[in-house]
Amino acid sequence: MSSPSLSRRRFLASTGAAAGLAAVPGRVLAAAAAPAPPKAGALSREMVAPADLDGLLLVAQAALDAAKAAGASFADVRVVRTRAQQLSAREDHISGLSDSESFGLGVRVIVDGTWGFAASYEVSPAAAARVAAQAAVVAKADRVARGKPIELAPEPVHRDAWRTPLVRDPFLIPLEQKSDLLLSINRAALAVKGAKYCSSYLHFVNEWKLYASSEGSVIEQDITRCWPGFEVTAVSDSGDFESREHDAAPRQGGWEYVEGLKLVADAPRTAADAVEKLGAAEGPVGKKDLILHPTHLWLTIHESIGHPSELDRALGYEANFAGTSFLTTDKLGKLKFGHDSVTVYADRTTPGGLATCGYDDDGVATGRWDLVKKGVFVGYQTTREQAGWIGEKASRACAYGDSWSSVPFQRMPNVSLLPGEKKLTLDDLISSTDDGIYIVGNGSWSIDHQRYNFQFGGQMYYEVKKGKITRPLRHVAYQSNTPEFWSACDGICDERSWWMGGTYYDGKGEPGQVNAVSHGCPPTRFRKVNVLNVGGAS
Amino acid sequence: MISTAADARKILTSAIKASKADEAIAVLTGGVAGNLRYAVNEVTTAGDTETLTLSVESAFGLRHGESTTNRLDAASILACVRRSEATARLMPEDPEWVPVLGPQTYARVDGAYVKEAAGFGAAARAKPIAAAIDAMKGAGLVGAGFLEAGESFRAILTSKGCFAFHRQTGASYSTTARTTDGKGSGWAGTDHRDPRALDLAAMTAVAIDKAKSSATARTLPPGIYPVILEADAVGTLVSELMGALGQREAEEGRSPFSKGKEATKVGEKLLSEQVSLLSDPAHADLRSQPFDGEGLPLKPYSWVEKGVLKQLRVSRYWAKKKGLAPTGYPTGLLMPGGKGTVADLIAGADKAVLVTRFWYVRYLNPRKLSLTGLTRDGTFWIEKGKIAYPVKNFRWNDSPLDVLSKVEALGTAVRVSSGYYGVTVAPPLRASAFNFASASDAV
């Protein structure tokens, strides 16, 4: 990759840091997060802004300058500050409260067509220069084991800022309000007869990052995620137990999302579900029609479509850990993956999606594209390095590093099932099912390393006979393989019941990294899927 | 880089001295680590990372709160202490809070830190990887792998004078070879405290051999078969078993080791005679951190001895409530083996499925410790003491309690990278039955 004229990116040194900043919209964010006196009940405001942006831009420039001096044809630097707050309650008490911040910088370089990376918790111009030089040392050492040179797909220079749209910053909500919420959930759940344990939690994460590249991009982003939840365990007189996890999804957003979930109001129903499971009939064995609620199906989408359409997996780049993929590049645009009604799209712009952002960690503007169109496999997830591997001109903006200390690589965007065009409701699906099981929530799941064979459980299972829900079941799992399963899809509800689940813990890579990602879908039916009973001796 | 107990103590003391809480515990962790990945027969990403993290937990009576930072200038340390105090004051009382520990005595662990390991930098990593790639190319295969080496430390100081420090080096290598048609795949991997002791060439050769010999896999119908599990797979099973050994969960009726309403199965023979499970930080095969996250000394424990459940894991809270001795959470786990290799286990088998490693292991039923997972990267049918032919992978549904109660023979225990504990040592084994529940087309 040829380096553009350095004068274009001397945005700091040529004009002085402060003056150069005027052109950087990211300034707006820092101003909004300016230090304010700590308030009683709130975490101190000084955690909100990692440091003054002027100083951090000088740090970034020092890294880029040192990388160039060491012979890098490309370099980028991320200064990242991640804050997390976790609050948990067990029955009648708060069992844990922690807040953390991690601040540091990571520098990537390409020297002689080979990547190098280095990172440190020290954030200063001197440390940035040292880290950048170390990244170049790594790249030069590894040249001996590199074949073809790394090439990056072109991307326009961006000077921009992006922030999670939110009304109330969860880190500024008083702790009393948070602990009250958790204890109220537990009280409401444990008031239900037979409910013995209740664990509830709130997990907030804020990622602030400054990205700067040798090509001249400067991007500031401020991303906030909320994950509330709870689990109730019911114990029978004989010591048998069953748990029910509430279906609340983690989302990008503010405290208003948590409040809108009405978790306290939901707690008795969730507890009653746990109790009901204890007395539920054992699940059947054999082929059944499955009606999968979005609180369940999102994870099946993640595992069976999200992962196999990662281009690095498909080409063998994750063979040693996460595995490869049955969606090899010769199948692109050809493989009939599922029923004609199945269209699955990737989207890093979906409001509230955990993987939504303005720019990825390659500095590429995010967007939306199809992975499966009318049942045919049509698209991969890519980064700047990968786009050229399949002859695409631009990256799909899927680069992400989960910390300042992690090297960015291809991670999953939000991947969602397009709702059906015709009006169709969950009730319609149930009333037109003769012999099936309706599954809600996520239980145990496991899928093989090429994403064929999978086995999924849920939270609640209901027998459906002759168009009606007849009784609850327990110990149900279904086992299928990906193309067979998606080909058996015969009813996708319309957009009115489209809902997005997700996780903070999509794992991939060595050393392992996590990725936060969401998946939306409406209730959907799959015909004649193999159902197991997993309650037996083993 | 912090590398001595004195340096760590200095930072921790500044935090504890600043504390205005009734009691406080400060933990400092850090290290330097370097890694190199390769795939498709060339290096992909590589890097060096230095980390340092301070965590402070403050308590006022039964109210406690924790704050973590990695900015270690005086002002940031003070701010971290104050944040933990501010949050602690706002918390309701936690009836399960146990006061921080006073001075403790720890087992001496020699050799956890190998001085020479520190010199294992980018150039030292690249050289053997270049050789591994050459071996893959020479065999006509597509190779991927990961090499990591570094050092780390953990230091703890409490307001009551408990100070603990442990420093260790570690390295791991794993590699996967695949045939160009995607029909064969082989894996090998191990870890060690000294990167110079990792035999990358030997591991690479094992992966190459497995890839070549697994390319013509036949379909074996799902069912219950005798099994030979290589050490990596056994490491997964014993880690799951260790995780389930909680005294509290057992007494509360929530575990496979519950007996009636409050009793446990301690003292009962649950597994085969050959199966023992122990943790001991000073053991020559483990050399693991001799204290847990609260600074509690980790003593030698036999969790399982000759198949008999001897001891469950007791937290400090549960110990106090029930008048038991706390065990803490082990930092190393050892299942002693017998003598001999996987080849010896094969030679002694009439019929069996040989499993290289497991993938995507998840609970099915925690009460029974039943799990589901898949086999991966080298699954073979054994007949009359020999590898007869490769077979396609399986999904399996089974429990470590069942497998480990049907053990026929053990091989020599080795350090594995599949463990969930700091250091896990496990042997390959042969068992009379394993439930292969469905076929997987994945290679």
Side-chain angles (χ1 to χ4, degrees), chain A residues 41 43-44 46 93-95 97-104 114-121 134-135 137-138 141-142 144-148 175-176 179 183 235 239 241 315-317 319-321 324 405 407 409 444-450 452-453 455 477 479 481 510-511 534-535 537-538, chain B residues 35-40 42-52 65-71 83 87 90-92 94-95 122-123 126 129-130 133 142 144-146 148 174-176 178 253-254 261 359-360 362-365 368 370 372-374 376 395 398-399 402 435 438 440-442:
Chain A
L43 290 176
S44 56
E46 111 267 358
H93 62 278
I94 296 296
S95 50
L97 165 65
S98 67
D99 80 84
S100 65
E101 70 160 346
S102 185
F103 183 47
T114 306
W115 281 121
F117 176 76
S120 177
Y121 58 87
Q134 180 58 28
V137 165
V138 171
D142 290 349
V144 62
R146 180 76 205 173
K148 60 185 181 300
L175 281 168
E176 296 98 320
S179 59
L183 294 172
V235 182
F241 64 95
L315 290 174
Y317 284 78
N320 190 50
F321 177 63
T324 56
S405 61
V407 65
F409 70 131
S444 183
W445 67 95
S446 172
I447 185 161
D448 72 35
H449 51 288
Q450 285 189 315
Y452 278 128
N453 176 309
Q455 185 169 308
Q479 187 275 318
N481 81 58
E510 292 177 301
V534 293
S538 63
Chain B
N35 68 75
L36 192 165
R37 296 187 87 185
Y38 73 101
V40 201
E42 60 182 339
V43 59
T44 55
T45 59
D48 285 311
T49 299
E50 45 192 32
T51 56
L52 189 60
E66 187 185 3
S67 184
T68 299
T69 187
N70 67 346
R71 296 202 240 188
R83 270 198 308 276
T87 54
L90 288 165
M91 282 293 95
D94 174 5
I129 292 298
I133 290 170
V142 186
F146 179 60
E148 188 174 35
S174 61
T175 181
T176 302
R178 295 175 65 80
R254 296 187 283 139
K261 290 230 163 142
W359 171 247
Y360 224 126
R362 289 287 184 277
Y363 268 105
L364 287 176
N365 185 346
K368 292 181 170 157
S370 64
T372 187
L374 294 121
R376 180 172 170 184
R395 169 171 299 289
D398 212 322
S399 165
D402 286 339
N435 179 23
S438 60
S440 160
D441 284 326

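Computed over heavy atoms, backbone and side chain alike; hydrogens, waters and symmetry mates excluded. Every chain is numbered from 1, with letters handed out A, B, ... down the list of sequences.
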Practice task
Report yes or no: does A:S444 contribute a side-chain atom to a donor-acceptor pair with the main-chain N or O of B:Y363 at less than 3.5 Å?
Solution key: yes
Completion exercise
Whatever's closer than 4.5 Å to a heavy atom in chain B on A:V235 counts as neither
Handout entry: Shortest non-hydrogen contact from B:R254 toward A:F241
Key = O-CZ, 3.3 Å
Problem - side-chain contact (heavy atoms from CB on, under 4.5 Å) evaluation trace for B:V43 with A:W115 - result: CA-CA 9 Å; B:V43 59; A:W115 281 121; over 6 Å; no
Handout entry: Option in A:V144, A:L315, A:L183, A:T324 with maximal non-hydrogen atom pairs under 4.5 Å from chain B
Key = A:T324
Fill in the blank from the handout: Per-residue tally against chain B (heavy atom, under 4.5 Å) across A:G147, A:S102, A:A145, A:A319 peaks at A:A145
Fill in the blank from the handout: Correct closest heavy-atom pair for B:R37 and A:E510 would be CD-O, 3.0 Å
Fill in the blank from the handout: Looking only at A:Q450, A:H449, A:R146, A:Q134, the option with the highest number of non-hydrogen pairs under 4.5 Å against chain B is A:H449
Practice task
Please report the shortest heavy-atom distance between B:K368 and A:G535, naming the atom on each side.
Solution key: NZ-O, 3.4 Å
Problem - Side chain, backbone, both or neither of A:Y452 within contact of chain B (heavy atoms, under 4.5 Å) - result: side chain
Completion exercise
Counting heavy-atom pairs under 4.5 Å with chain B, the top scorer among A:A135, A:A477, A:S405, A:G116 is A:S405
Exercise for the section: Return the minimal non-hydrogen interatomic distance between A:S179 and B:M91, and the atom names on each side. Expected result: CB-CE, 4.2 Å
Handout entry: Region of B:R376 in contact with chain A, defined by heavy-atom distances below 4.5 Å
Key = both
Completion exercise
If one checks every heavy atom of A:Q479 against chain B at 4.5 Å, the contacting part turns out to be side chain
Handout entry: Exam field: side chain B:R395 to backbone A:S446, donor-acceptor pair closer than 3.5 Å
Key = yes
Practice task
Identify which of A:A119, A:A141, A:S95, A:G104 forms the greatest number of heavy-atom pairs closer than 4.5 Å to chain B.
Solution key: A:A119
Practice task
Return yes if some donor-acceptor pair links the side-chain N/O of B:N70 with the main-chain N/O of A:F103 below 3.5 Å, else return no.
Solution key: yes
Problem - Residue list, side-chain hydrogen bond (donor to acceptor under 3.5 Å, both in side chains) with B:W359, at least two apart or on another chain - result: none
Practice task
Quick one: do B:T45 and A:F409 satisfy side-chain contact (heavy atoms from CB on, under 4.5 Å)? Show the steps, please.
Solution key: CA-CA 9 Å; B:T45 59; A:F409 70 131; 5.5 Å; no
Exercise for the section: Could you check which of B:G145, B:G253, B:G373 has the highest count of heavy-atom pairs closer than 4.5 Å to chain A? Expected result: B:G145
Exercise for the section: Could you tell me whether a side-chain N or O of A:N320 sits under 3.5 Å from a main-chain N or O of B:T176, the two making a donor and an acceptor? Expected result: yes
Practice task
Check whether B:N35 gets within reach of chain A through its side chain, its backbone, both or neither, counting any heavy atom under 4.5 Å.
Solution key: side chain
Practice task
Identify the two heavy atoms, one from B:T87 and one from A:L97, that lie closest to each other, and give their separation to 0.1 Å.
Solution key: CB-CD2, 3.2 Å
Fill in the blank from the handout: OG1 (B:T372) and CD1 (A:I447) are apart, to the nearest 0.5 Å, by 11.5 Å
Problem - Shortest non-hydrogen contact between A:Y121 and B:E50, atoms and distance - result: CD2-O, 3.4 Å
Problem - Residue pair B:V40 / A:Y317, side-chain heavy-atom distance below 4.5 Å - result: yes
Problem - Option in A:A118, A:S120, A:G316 with maximal non-hydrogen atom pairs under 4.5 Å from chain B - result: A:S120
Exercise for the section: Check each atom of B:L36 against the heavy atoms of chain A and say whether the ones under 4.5 Å are side chain, backbone, both or neither. Expected result: side chain
Practice task
Specify which of B:I129, B:L52, B:T175 makes the most heavy-atom pairs with chain A at under 4.5 Å.
Solution key: B:L52
